[in-house]
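Before any comments, here is the structure.
Note on naming: letters A, B, ... go to the chains in the order of the sequence lines (proteins, then strands), and numbering restarts at 1 for each one. Being a predicted model, the structure only gives us computed values, none of them experimental.
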Amino acid sequence: MPELILACGILLLVVVALFLRGKKTNLHALLTLAILTASIAYTFFSWAFYHTPVTLFGNMIHSDQFSCYFRILVDVATALTVLMAMRNKSLSEKFNSEFYTFLLGAVLGSHLLMMSTNLVMVFISLELLSISSYILAGYSFTKKGAEGSLKYFLFGSAASAIMLYGFSILFGITGTLEFTAGDFVNNLSANQSALVIVAAIMAFAGFLYKIAAAPMHIWAPDVYEGSPMPVIAFLSVVPKLAGIVVLAKMTTTFATTTVSFDWQLVMAVIAMLSIGIGNLSALWQNNAKRMMAYSSIAQSGFLLIGVVCLTSQSMQAFLFYSALYLAANYAVFISLQAFEKNSIDSIASFSGTGRSFLFLSVVLLGGLISLTGIPPTGGFTSKLFMFASLWASYEQTGKTVLLWLLIFGLLNTVVSLFYYLKIPYYAFLKSPNASLSPENTRFENFLAFILVVGILFLFIRPDFLMGWLNTINFVL
Amino acid sequence: MQNLLTYLIFTPVIAALLGLFISAEAKKIFRLLTFVVSAIQLLIILLIVGNITPQSGSFQLMEKYNWFSIDLGNWGILKAEYLLGLDGLGFSMVVLSVLVMLIAGISSWTIDKNVKGYFILLWILNGAIIGTFCALDFLLFYLFFEFMLLPMYFLIGIWGGPKREYASIKFLLYTLLGSILILIVLIALVISVQAPESGDTVVHTFSLLHMSDPANFIIGSILNPDDAWVIGSQTARWWAFLLLFIGFAIKLPAVPLHTWLPDAHVEAPTPISVILAALLLKVGAYGLLRIAYPIFPDAAMELSSVVAFVGVLSIIYAALNALAAKDLKRLIAYSSVSHMGFVLLGLASLTVEGISGAVYQMFSHGLISAMLFLIAGVLYDRTHDRLINNYSGLASKMPVFFVFVLIAFFASLGLPGFSGFIAELMVLLGALASGSTNELISEGFAFAAAFGLILGAAYYLWTLQRMFFGPFHVKNGIRTELLTDLDRREFGMLISLALVILIFGIFPQVLLDYINPFAKNFSDTLTESIRLIQNP
């Protein structure tokens, strides 16, 4: 199992760090990359094996192709984070080995979270993911970073506590911790009361916090602003995907119970709130990191559409969207880090970078367009699939809220274009303030370029990924 | 000849790729290359003319390749095709695009700032525009449609006038809003339509040809004409048509969605204004003709009074604005809106004359507006001042220029002998005929539109009087020695446009041979579909 590789890898990193204390070295990063590669390779080659889901540890964990796919995504994202961290001065100087240890810890947590079918397992893996990311968020060792990290920690603990409380009530009602089990569903259906709804909403609060969906999103901008760029990139993708995957699993359970409560409505409202709040707040930001924080809130809303519909088709669209979101987000953050190195961080300071950093600016534009969802990027295709599944779902159920979500979501694309284009606007349309002395960004150029090529490729041939996703069995 | 249309679309795209590897210093090479691109495209147009039969109202030179087909499990297969083809409408638009792109390319020789970026964007735009006019697959159409957005944004935003940043972002947001509305319908259509070849598994297709056939709608789907869903107080098909109409009306632009256009025109550099007025506006009208009307003929018929009203409103309101405009370019921009109103009116009538007139108007307005914006550019290049009141008696100072101004103004106000006259006459005839044949729109609209023609004459003649007649003097510190007459390049561009406008005014049959079969086929198919939908 790739999780064993990761767990052993964490221990290995700790041991290696003992011998290399105080030395400046890239060994930790390279070791982490090797561990991640091993994990990806293992998952990839055991792909066929998981066609029929495997249950482990007394129904604690449920390993199937669905989670395998997301495990690969998470590992790829982490590998990209490591590559970014290697090029980040502040990260390669202080507590270098610990950084990678925590990173792998978070990855292990998200792996387990995406596979767990047991409430306790969910809680433990979520905490593993959370505690690691609280520390990662403070890795810039500045006042702002400390503030962000502490905020993240305090809000996060409160959210976890609420979630745990919700879990305990659910356990009390159903008498079982396995939320995919038949007992859980039956007992929920049998015990209809307002308490079920309260408990479920409490339980969901923890996940919504992790994925920074409204109304649990307030931490995101501060944390993003204070954290180093690789950590932001990591936070914007890994916990988000992990949280939505487990949310999808839990919602499936609630949707199959005969609860007199419309889960689709709840999730649709959350999605709309996230999209709306994220986009409208992003409009007013003048710091690139904060803007991307709000963008990630809005993107959570779009990802949640997959959970709203809960059809096999929408899950497929969700899988596709996740991959594109990962690629576009990393392309953006990698270029932003390269700009940050040249002390360009506020949006206004991007003035004229289209001239001094033409290649990087074009690549950044590619990533941002994909996040907006305009052709010719895969971001467009992914939005197309997502909203097509939403239309189809509306056609099946006839619920008007789905239609509203569709119209609201698509119209928000126009709003989002306005802020996504802010940086390119300054980069290409404004003249430079001061003469810049470009630092070497060749590595970032290359990395982001590869991602953007991938994004373009998935626009032209979406069947490449979709064909593969279609083989995934969506029994949750 | 195989794949002529692909060559036509991808010639400029290949030039753009080549351009990436040419040194930014080699301005001459870029200017030459844009000429080569246009020459090749003209050659391909000649080949197309040789390979196309005008009498047939259906699509010719079809190219069909699989783009992607995705198996989506129980939902069926999603299939997109690389599907190109031309009919009379597409043909006339493609010819117009190539002509205008040639003129715009020559006009771009004066661009001196960041030449490399400019021409690369221009070529991408060229390919996207022609692609839009050739695509018969909705997704492909949408791809080309959106592909025009960003190049245009940067072309206005980087090479434009003083308020270019505001104008470019306004253009972008308006247009994107329009395309999102179109996207909503696109998604709904894909879900509702199956390809006729689908057997046990449903094949969802993006093909416009399949979407235009009411028989291909899946039973029980949202947009199925037989039992369309009711959303609010109207059927889903009614809403879908409305969304498409708004989406394309923004691009057209029709009052009250036109406000981005004057800003964009005033700030855009001359060649970009030419492309914007001559081609991009046509994409809006083209979308209505190719997508909104054939797919939702029933809703179109129901809403034809609205369409006609918006058209007449555009004609009158924009003409009044033009009358009040102080800036020459703004005046021409409003006159564009006014003339595009005729396209809407012709469409709304759904008669053969009306449709023919609308398409002819698209073609002729493309040429005339190109000429008008070149004229505004000539003046702006010399003095960097376009305010009408700052000039007087230019006729004596720039006699050759004045002759072309006369031709362009008279062509635009619809003097017989120029192409605009034929087009507007046909539209008015169609609108009048509609009252007695299919009873879709009342004669009142035609009379109101005719009043718009009078307004058109008023603002053009008044401008002539203010700027060109009377004793020569200029205000606002314009140096008189700057006001030299046309140079050879400008003369060449203007004379060729003037000739083409005259030719199509005196021998409209040259183009009508292509447009009329299309219009007849279009009108017949629509009437037939409406009949099928109403009495299945």
Side-chain angles (χ1 to χ4, degrees), chain A residues 311-317 320 354-355 358 365 369 372-376 380-381 383-395 398 400 403 406-407 409-418 421-422 424-426 428-430 459-467 469-472 474, chain B residues 24 66-76 78-80 114 117 128 139-140 142-147 149-150 153-154 156-158 160 164-165 168-169 172-181 183-184 186-192 204 206 218 220-223 229 231-232 236 239 243:
Chain A
T311 56
S312 66
Q313 188 199 342
S314 82
M315 291 321 283
Q316 208 169 329
F320 190 77
R355 257 170 257 170
L358 179 64
L365 177 70
I369 292 179
T372 322
I374 316 181
F380 168 74
T381 323
K383 278 218 168 73
L384 183 74
F385 288 139
M386 199 61 126
F387 283 101
S389 71
L390 188 58
W391 253 124
S393 185
Y394 168 67
E395 201 178 71
T400 354
L403 189 63
L406 176 98
I407 293 169
L410 280 174
L411 286 183
N412 258 281
T413 308
V414 184
V415 180
S416 70
L417 179 75
F418 192 76
L421 267 191
K422 247 185 178 174
Y425 167 80
Y426 276 95
F428 293 106
L429 268 57
K430 297 269 186 184
F459 173 75
I460 301 167
R461 304 290 330 198
D463 42 345
F464 243 78
L465 183 56
M466 273 307 238
L469 295 184
N470 192 41
T471 59
I472 294 179
F474 289 101
Chain B
N66 221 2
W67 179 3
F68 62 79
S69 94
I70 298 170
D71 191 350
L72 289 172
N74 56 4
W75 192 61
L78 186 67
K79 190 172 161 195
N114 194 356
L139 193 67
L140 194 63
Y142 195 79
L143 162 69
F144 286 127
F145 189 77
E146 293 280 281
F147 229 108
L149 231 75
L150 283 175
Y153 169 71
F154 287 119
I156 299 176
I158 300 180
R164 55 178 184 258
E165 286 144 12
S168 56
I169 196 80
L172 191 64
L173 290 180
Y174 264 78
T175 326
L176 188 71
L177 176 68
S179 40
I180 290 299
L181 299 181
L183 181 62
I184 294 178
L186 164 71
I187 297 174
L189 273 171
V190 161
I191 287 172
S192 299
H204 293 273
F206 287 97
I218 299 167
S221 61
I222 300 177
L223 296 174
W229 289 36
I231 300 171
W239 287 112
L243 287 182

Exercise for the section: Pick one of side chain, backbone, both or neither for B/Y153, based on which atoms fall under 4.5 Å of a heavy atom in chain A. Expected result: side chain
Fill in the blank from the handout: If one checks every heavy atom of B/S69 against chain A at 4.5 Å, the contacting part turns out to be backbone
Handout entry: Heavy-atom neighbours of A/F418 CZ exceed 12 at 6.0 Å
Key = no
Problem - Part of B/I169 within contact of chain A (heavy atom distance under 4.5 Å) - result: side chain
Handout entry: Stepwise side chain to side chain donor-acceptor pair (under 3.5 Å) check, A/S389 with A/Q313
Key = CA-CA 6 Å; A/S389 71; A/Q313 188 199 342; 5.2 Å; no
Problem - Listed partners of A/Y426 passing ring-ring contact (aromatic ring centres under 6.0 Å, His included), at least two apart - result: none
Problem - Interface moiety of B/W229 toward chain A, non-hydrogen atoms closer than 4.5 Å - result: side chain
Practice task
Report the option among A/Y394, A/W391, A/F459 that has the most heavy-atom pairs separated by less than 4.5 Å from atoms of chain B.
Solution key: A/W391
Fill in the blank from the handout: Residue set satisfying ring-ring contact (aromatic ring centres under 6.0 Å, His included) with B/F154, at least two apart, ordered chain then number -> A/F428
Handout entry: B/L243 versus chain A, the contacting section by heavy-atom distance below 4.5 Å
Key = neither
Fill in the blank from the handout: Ranking A/Y425, A/F464, A/F387 by heavy-atom pairs under 4.5 Å to chain B gives rank one to A/Y425
Exercise for the section: Might you confirm whether atom CZ of B/F144 has over 12 heavy atoms from other residues, nucleotides or ligands at distances under 6.0 Å? Expected result: yes
Handout entry: Nearest-0.5 Å distance, CG of residue B/L78 to CG of residue B/L139
Key = 8.5 Å
